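Input: a single structure, listed below in structure tokens.
Note: hydrogens, waters and symmetry copies are ignored here, and every other heavy atom, side chains too, is used. Fair warning: this is a prediction, and the values are worked out from it, not measured in the lab.
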Amino acid sequence: MSDSSNESKMRKVYMGLWGLSGVSLASLIVAGYPLAGAGAFVLFGLAAMVSFRRYDGPLFDERDERRQEKASKRTLGIMGLTSAIVFPGTTALWGLDIIEWPVWLSPIAFFVAGLTFVHVGSMMYEARRQE
Amino acid sequence: MKNTVRKNRENRGITQGELAEELDVTRQTVNAIEQEKYSPSLELAIKMSEFFEKPVKKLFCLEEGEV
């Protein structure tokens, strides 16, 4: 097997193992085995880290970082736009007594607020670091 | 951004994998740069410039509209 196909295979193995860890955690929690879920998450995560460590050469580099930056920016943009429509819209409809405030929306609102807080904090930290 | 990385690498007689190893990046990144699908960071461009012993401007140039 050539080096390049090995690199590609190892990247898939690494990402696949992390994917498996997340899926097994979620599915075992839903199935009623939270401890087994946590154990599976740790095991697959460790396997991913071992495969990463044992690979001779870089598996990820600046191109992956750039990709992640772009994806994060897009995700935050979509989330920001959605929040800017959904939350004020729902609040207005609630204020007009057209709908009841959906109970499930509150934790999402708190999550978005928390994420925004972390994002702004992170931006301030970067600005400070670059001064 | 256009570049002459493939030409320079072939002149050196090395594979993408070997160049990737020299630059401490993945082979896929070297391939993406050669296909002009990815513009490297300033750090990587300088590393390439040092490796090929050529100024960055000889390796990379902006296309019309990118200026």
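Minimum interatomic distance between B/R27 and A/E7 (heavy atoms only, all atoms of both residues): N-OE1, 2.8 Å. A pairwise comparison of heavy atoms in A/P58 and B/T26 identifies O-CG2, 3.3 Å as the closest pair. A pairwise comparison of heavy atoms in B/Q28 and A/S8 identifies NE2-OG, 3.5 Å as the closest pair. Between B/V25 and A/D61 the shortest heavy-atom distance is CB-OD2, 3.3 Å.
Under the 4.5 Å side-chain heavy-atom criterion for ILVMFWY residues, no single connected hydrophobic cluster contains both A/M15 and A/V23. Under a hydrophobic-cluster definition in which Ile, Leu, Val, Met, Phe, Trp and Tyr are linked whenever side-chain heavy atoms come within less than 4.5 Å, directly or via other members, A/F41 and A/I29 are assigned to the same cluster. A/M10 is not connected to A/L20 by any chain of hydrophobic side-chain contacts under 4.5 Å among Ile, Leu, Val, Met, Phe, Trp and Tyr, and they are in different clusters. Note: the hydrophobic cluster containing A/V13 does not contain A/Y55 (ILVMFWY, side chain heavy atoms under 4.5 Å, direct or indirect links).
Taking CZ of A/R66 as the start and OG of B/S41 as the end, the distance is 6.5 Å to the nearest 0.5 Å. Atoms OH and CD, from B/Y38 and A/E62 in turn, are 3.5 Å apart once rounded to the nearest 0.5 Å.
Atom CG of A/D56 sits in a sparse spot, with 12 or fewer heavy atoms from other residues, nucleotides or ligands closer than 6.0 Å. More than 12 heavy atoms of other residues, nucleotides or ligands sit less than 6.0 Å from atom CD of A/E126.
Neither the backbone nor the side chain of B/A20 has a heavy atom closer than 4.5 Å to any heavy atom of chain A.
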